[in-house]
Protein chains: 2
Amino acid sequence: MARPSHPPNADSPPKRPRLADVAKMCGVSAATVSRVLNQDAKFSARPEVRQRILEAAATLGYAPDLTARNLIRGKTQIIGVFGSPEMQVGEGINNDAFAGIADAVRDHDYDVFFELTSHHATDSSLPSWRFDGAILVQAPPATLIDDLDHRRIPYVTINEPVGQPVASILTDDVGGTLLAMNHLADLGHRRIAYANAYPGYFRHYSITERHGTIVSFCQEHGLTLVPGHDADFQDGEAFLKNAVEQHHATAVICYDHRIAISVLGASYRLGIPVPGTMSLLCYNDLFPVDRVYPAITTVAVNAREMGRRAARVLIEIMDGQTQPDDVTPVRLDENLIVRDSTAPPPAN
Amino acid sequence: MARPSHPPNADSPPKRPRLADVAKMCGVSAATVSRVLNQDAKFSARPEVRQRILEAAATLGYAPDLTARNLIRGKTQIIGVFGSPEMQVGEGINNDAFAGIADAVRDHDYDVFFELTSHHATDSSLPSWRFDGAILVQAPPATLIDDLDHRRIPYVTINEPVGQPVASILTDDVGGTLLAMNHLADLGHRRIAYANAYPGYFRHYSITERHGTIVSFCQEHGLTLVPGHDADFQDGEAFLKNAVEQHHATAVICYDHRIAISVLGASYRLGIPVPGTMSLLCYNDLFPVDRVYPAITTVAVNAREMGRRAARVLIEIMDGQTQPDDVTPVRLDENLIVRDSTAPPPAN
DNA sequence: CTGTTAGCGCTTTCAT
DNA sequence: ATGAAAGCGCTAACAG
């Protein structure tokens with residue numbers, strides 16, 4: 001049983017109505033229809049004609065072909081958002097960054113699209129699309145960057161210093177790490193462990209920045225960074241057996257919230273009280289760090305603000321309000337949010 | 001230090017090179033350039049000419065204007081993905097659904113874009129763009145659906161039965177709920193509590209389906225569903241005080257993983273052993289249900305497969321391989337994943 | 001092998 | 001107040 005509107009042997013392939021169809025139906029020219037439908041300001045049509053056009057358009061179900069409109073206008077009013085091929089939209093801070101982009105764009109006449117299919121079988125990296133601007137979230141493929149440069153499409157980068165963007169928004173991981181380390185040092189911790197990134201994580205400057213800052217802080221302040229800090233994170237229990245049981249760390253810093261949750265789960269399995277025996281702290285103030293028990297102290301990356309800033313700068317440039325003279329990389333502060341998982345080390 | 005490529009006082013606004021520019025530079029026609037650059041199969045150019053064209057294009061930094069190409073080809077090869085205005089891309093099962101869409105599209109000549117800015121200040125709901133097809137993930141605004149119908153753009157819906165899609169992919173919440181209930185009943189639970197959705201959640205058919213199925217299962221099997229099951233979820237501790245401490249439920253089902261995490265955290269604060277005193281079970285097999293302690297038993301919605309199926313069907317229809325005769329709503333099975341948070345009720 | 005020509009569907013002067 | 005006409009940049013017949 002076929003749908004009435006779509007007979008299988010359709011003599012008339014359901015073709016979308018054109019501007020000319022509406023014009024013909026009303027006995028006016030296409031130009032007039034265009035002007036009426038676009039509510040052209042400096043133009044008034046006879047009410048009777050206007051009415052006829054509106055009705056005809058509705059009857060036919062006319063909708064303009066945006067491809068044609070974009071061609072003649074020379075722009076699409078679309079901002080493309082791109083990430084690395086491995087990137088998950090819901091992963092880590094990305095979701096917040098997107099929300100920030102949406103915040104900034106809300107009152108402007110732009111649409112924002114995120115590409116879901118980063119890696120293509122096809123050769124060309126840019127999609128069959130024309131963007132007026134782009135936002136790059138975390139290391140997109142080099143070919144994409146080349147393509148953007150090539151096509152003279154302005155772009156800003158979030159959380160990744162690549163290409164020749166018109167602006168670049170980063171987060172101050174060094175500063176955030178210092179907040180965390182000072183917090184632990186102030187509490188009296190002297191033996192620290194660091195649960196580094198998962199091996200599967202794509203390389204990111206935050207990995208080296210966080211680790212490097214922790215290492216140097218410990219050196220400068222005479223703290224002990226127990227072995228294992230430079231290995232990829234594999235498993236919560238193995239990590240704690242080494243770091244806490246064997247090397248007596250009293251505080252564990254995790255590269256991100258996911259690792260922290262795994263470590264916290266492992267602490268229960270091994271019977272290590274948190275924060276009694278071991279304090280726990282991680283980067284990324286994301287679900288579910290504030291809902292687990294104990295709630296986890298975190299270094300918060302303000303990803304939403306990063307998204308906002310990025311989109312705002314890009315829009316200013318696209319609207320011609322700003323010249324992309326120099327790329328001034330913005331570094332946003334990170335915050336320390338102290339919760340229940342950090343406390344002074346055990347007395348013994 | 002200004003960028004060499006972008007002198008601040010540019011007399012020549014950096015205009016993108018056109019096909020004609022390349023043609024002129026090579027002393028050939030635009031058509032020839034087009035054919036060479038598009039690697040037209042049934043066409044061979046003199047190697048010398050081809051070489052000249054390639055070089056000229058590279059020199060000028062030529063990239064085709066996709067808007068024009070799309071106009072003449074009459075299609076964009078783009079699939080748009082839309083969600084409700086409130087929807088977060090990283091929220092719940094969305095991320096998996098997107099991954100599934102990407103899976104399916106990978107080997108096809110389509111690009112997929114997700115709209116990040118659902119609610120516009122402008123009147124028109126569809127962006128200034130032309131899609132060849134669309135995938136709707138969770139109740140998009142009615143105006144969008146009208147627009148799609150209007151523009152004769154085929155679309156499929158995921159997890160939301162709306163509009164007149166060419167296909168519709170749903171999940172079998174009734175079946176999943178029965179798996180969960182039977183599991184608890186088999187373990188010997190007789191007093192069940194249900195932590196329903198947060199008030200902020202946008203309405204979704206799963207809310208009524210899950211709740212309704214639990215209610216009727218309890219009735220039919222003589223189980224007690226303790227009070228509070230029809231109220232919005234507010235707070236883990238308040239919920240447990242009522243459900244477990246006051247009404248002696250031995251098992252708690254949560255509408256989703258987020259609520260389950262809150263309830264689990266509250267169980268620690270209130271000193272209620274899980275699963276010793278109270279079993280815990282939730283929908284959505286998402287981070288971090290398998291990493292917390294105890295790992296949570298879940299009803300898994302296969303969102304990735306939903307995304308795959310949706311995209312696959314849509315592509316088949318867009319490629320003309322399938323006629324959208326009747327919309328046969330697909331209902332995908334849910335799975336029960338038993339972990340450590342469910343056990344027989346206490347003996348007393 | 002390659003150039004010429006005719007549009008794709010719409011917007012926008014320039015006339016009337 | 002409205003129509004005619006000229007493209008936007010590219011591609012695809014159709015010639016040669």
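In the text below, chain A, chain B and the rest are named by the order of the sequence lines, each starting its count at 1.
Residues passing the salt bridge (charged side-chain N to carboxylate O under 4.0 Å, His left out) test with A:R50, sequence neighbours excluded: none. Considering only residues two or more places apart in sequence or on other chains, A:D21 meets the salt bridge (charged side-chain N to carboxylate O under 4.0 Å, His left out) condition with none of them. Every side-chain contact (heavy atoms from CB on, under 4.5 Å) that A:L71 has, sequence neighbours left out, goes to B:T67, B:A68, B:L71. Qualifying side-chain contact (heavy atoms from CB on, under 4.5 Å) partners for A:N95, counting only residues two or more places apart in sequence or in other chains: B:Q88, B:V89. Under the rule for a side-chain hydrogen bond (donor to acceptor under 3.5 Å, both in side chains), the partners of B:E48 that lie at least two apart in sequence or sit in another chain are B:R46. For B:E305, the salt bridge (charged side-chain N to carboxylate O under 4.0 Å, His left out) partners are B:R308, B:R309, not counting sequence neighbours. Applying the side-chain contact (heavy atoms from CB on, under 4.5 Å) test to B:T322 and every residue at least two apart in sequence or in another chain returns B:E316, B:I317. B:R52 meets the side-chain hydrogen bond (donor to acceptor under 3.5 Å, both in side chains) test with no other residue; sequence neighbours excluded. In terms of the salt bridge (charged side-chain N to carboxylate O under 4.0 Å, His left out) criterion, A:R312 has no residue partners (sequence neighbours excluded).
If you measure from atom CZ of A:R16 to atom C1' of C:dG9, you get 10 Å, rounded to the nearest angstrom. Atoms CG (B:L37) and C1' (D:dC10) sit 12 Å apart, rounded to a whole Å. Separating the CG atom of A:N70 from the P atom of C:dC8 is a distance of 18 Å, rounded to the nearest angstrom. The interatomic distance linking B:Q51 (CD) with C:dT2 (P) rounds to 13 Å, in whole Å.
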Every protein N/O lying under 3.5 Å from an N/O of nucleotides 6-9 of chain D:
from: D:dG9; atom 1: OP1; to: B:R18; atom 2: NE; distance (Å): 3.4
from: D:dG9; atom 1: OP1; to: B:R18; atom 2: NH2; distance (Å): 3.3

Can you check nucleotides 2-4 of chain D for protein contacts, nitrogen or oxygen pairs under 3.5 Å, and list what you find?
from: D:dT2; atom 1: OP1; to: A:R46; atom 2: NH1; distance (Å): 2.8
from: D:dT2; atom 1: OP2; to: A:R46; atom 2: N; distance (Å): 2.7
from: D:dG3; atom 1: OP2; to: A:S29; atom 2: N; distance (Å): 2.7
from: D:dG3; atom 1: OP2; to: A:S29; atom 2: OG; distance (Å): 3.1
from: D:dG3; atom 1: OP2; to: A:T32; atom 2: OG1; distance (Å): 2.7
from: D:dG3; atom 1: N7; to: A:R35; atom 2: NH2; distance (Å): 2.8
from: D:dG3; atom 1: O6; to: A:R35; atom 2: NH1; distance (Å): 3.0
from: D:dG3; atom 1: O6; to: A:R35; atom 2: NH2; distance (Å): 3.3

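The overall bend of the helix from C:dC1-D:dG16 to C:dT16-D:dA1, read as the angle between its terminal helix axes built from five base pairs each, is 40° when rounded to 10 degrees.
Using modelled atom types, one finds no donor on one side chain facing an acceptor on the other under 3.5 Å when comparing A:D132 with A:Y110.
A sub-4.0 Å separation between OP1 or OP2 of C:dT11 and a side-chain N or O of A:S34 is present. Taking only side-chain nitrogens and oxygens, B:N38 comes nearer than 4.0 Å to OP1 or OP2 of D:dT11.
Classification of A:D65 and A:R69 as a salt-bridged pair fails, no side-chain N sitting under 4.0 Å from a carboxylate O.
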